[in-house]
Amino acid sequence: MVILLKRRAGLSRSDFMAYYETTHRPNVERVLTDFAVRYERYFLEPIDGATMDHDFDLIVEVDFPDQDSAEGCFSAMGDSGLLDEIIVGEEQLYDRSKMRIYVAKKRGSNMPLARTPPASQVPSRPQAKLDS
């Protein structure tokens with residue numbers, strides 16, 4: 001599952017990250033602990049201008065081992081009353097109207113760690129003269 005989040009207007013990037021990691025994250029982890037196998041957060045830093053407004057500030061990835069675990073998580077969240085706590089945290093953090101949640105179908109490619117450049121890109125080295 002991939003969740004795209006936009007921070008609330010007026011909240012700085014650093015305050016957004018600090019509040020998420022210290023206050024919101026522990027509540028989310030309490031829900032995910034018995035169900036998810038991975039919970040990762042990617043706080044986005046724009047490379048095309050820090051002062052520009054962007055659509056999203058955070059990407060959250062959650063992996064469940066199977067569909068039953070995902071459904072169990074959502075059910076437990078509603079039953080435990082923790083959902084209300086999470087929503088209160090969300091309202092402090094982001095514009096919930098811009099939150100987007102997706103099921104991600106992962107594809108990947110194994111890439112070599114190092115590549116040998118074509119001969120035309122390898123700088124020539126002077127040959128050492130050997131005494132005979």
Side-chain angles (χ1 to χ4, degrees):
M1 178 172 58
V2 174
I3 306 167
L4 304 176
L5 303 167
K6 173 70 181 156
R7 67 187 151 94
R8 183 176 48 82
L11 188 61
S12 72
R13 288 184 196 287
S14 59
D15 288 344
F16 173 68
M17 186 185 308
Y19 187 91
Y20 191 100
E21 288 297 308
T22 60
T23 304
H24 191 64
R25 178 191 49 81
N27 288 334
V28 173
E29 286 177 349
R30 286 189 358 226
V31 172
L32 294 177
T33 295
D34 294 329
F35 303 99
V37 295
R38 189 174 70 91
Y39 169 44
E40 299 213 16
R41 297 156 313 281
Y42 301 91
F43 292 90
L44 304 176
E45 294 288 335
I47 60 174
D48 58 354
T51 59
M52 291 178 60
D53 191 31
H54 293 270
D55 293 337
F56 300 103
D57 296 290
L58 174 63
I59 299 171
V60 175
E61 290 183 359
V62 180
D63 287 345
F64 296 98
D66 51 45
Q67 186 61 33
D68 288 343
S69 296
E71 290 171 9
C73 180
F74 299 132
S75 177
M77 193 181 330
D79 293 344
S80 69
L82 189 55
L83 182 59
D84 293 336
E85 241 180 281
I86 290 173
I87 290 172
V88 167
E90 288 175 350
E91 289 170 345
Q92 297 298 312
L93 283 169
Y94 27 86
D95 180 343
R96 294 188 80 230
S97 71
K98 295 182 179 178
M99 182 188 332
R100 299 293 178 261
I101 301 174
Y102 300 92
V103 171
K105 299 188 186 266
K106 186 176 181 177
R107 299 291 185 266
S109 300
N110 291 324
M111 303 300 293
L113 293 176
R115 298 173 71 175
T116 304
S120 64
Q121 293 179 359
V122 176
S124 60
R125 292 186 218 165
Q127 295 293 330
K129 292 187 179 182
L130 300 176
D131 293 328
S132 25

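Side chains are part of it too, since the values below use all heavy atoms of this structure and drop only hydrogens, waters and symmetry mates. If you read the sequence from its start, that first residue is 1, and numbering goes on from there. Treat the numbers as computed from the prediction; the structure is a model and nothing was measured.
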Between E21 and P26, the two heavy atoms sitting closest are O-CD, 3.8 Å
What heavy-atom pair brings Q92 and L11 nearest, and what distance separates the two atoms?
O-CD2, 3.7 Å
May I have the step-by-step check of side chain to side chain contact (heavy atoms under 4.5 Å, CB included) for V2 and V60, ending in yes or no?
CA-CA 6 Å; V2 174; V60 175; over 6 Å; no
Hydrophobic cluster membership, with links at side-chain heavy-atom distances under 4.5 Å among I/L/V/M/F/W/Y: are V28 and M99 in one?
yes
Going hydrophobic residue to hydrophobic residue with side-chain gaps under 4.5 angstrom, can you get from V88 over to M77?
no
Taking the six-membered ring of Y39, is the NZ or CZ of R41 close enough (under 6.0 Å from the centre) and on axis enough (within 45°)?
yes
For the student: nearest non-hydrogen atoms of D57 and R13, plus distance
OD1-NH1, 2.8 Å
Contacts of R30 meeting side-chain contact (heavy atoms from CB on, under 4.5 Å) (sequence neighbours excluded), chain-then-number -> N27, L82, E85
Same cluster for F56 and M17 if Ile/Leu/Val/Met/Phe/Trp/Tyr side chains link at under 4.5 Å?
no
Residues at least two apart in sequence or cross-chain that pass side chain to side chain donor-acceptor pair (under 3.5 Å) with R96, listed by chain then number, are E90
Test your reading of the model: is there a side-chain donor-acceptor pair from S75 to the backbone of E71, 3.5 Å cut-off?
no
L5 CG to F43 CZ distance, which is reported to the nearest 0.5 Å
9.0 Å
Quick one: sort the F74 and F64 rings into parallel, tilted or perpendicular, breaks at 30° and 60°.
perpendicular
Supply the atom-to-atom distance I3 CD1 to I59 CD1, rounded to the nearest 0.5 angstrom.
11.5 Å
Applying the 4.5 Å side-chain criterion to the ILVMFWY set and letting contacts propagate, would I87 and I101 be lumped into a single cluster?
yes
Using the side chain to side chain contact (heavy atoms under 4.5 Å, CB included) rule, take V62 and F35 through it: C-alpha gap first, then chi angles, then the decisive distance, then the call.
CA-CA 10 Å; V62 180; F35 303 99; over 6 Å; no
When rounded to the nearest 0.5 angstrom, what distance separates CG in L58 from NZ in K6?
11.5 Å
What is the distance from atom NZ of K98 to atom CZ of R7, rounded to the nearest 0.5 Å?
11.0 Å
D66: which residues meet the side-chain contact (heavy atoms from CB on, under 4.5 Å) condition with it, sequence neighbours left out?
D68, S69
Mutual orientation of the aromatic rings belonging to Y94 and Y20 [parallel < 30°, tilted 30-60°, perpendicular > 60°]:
tilted
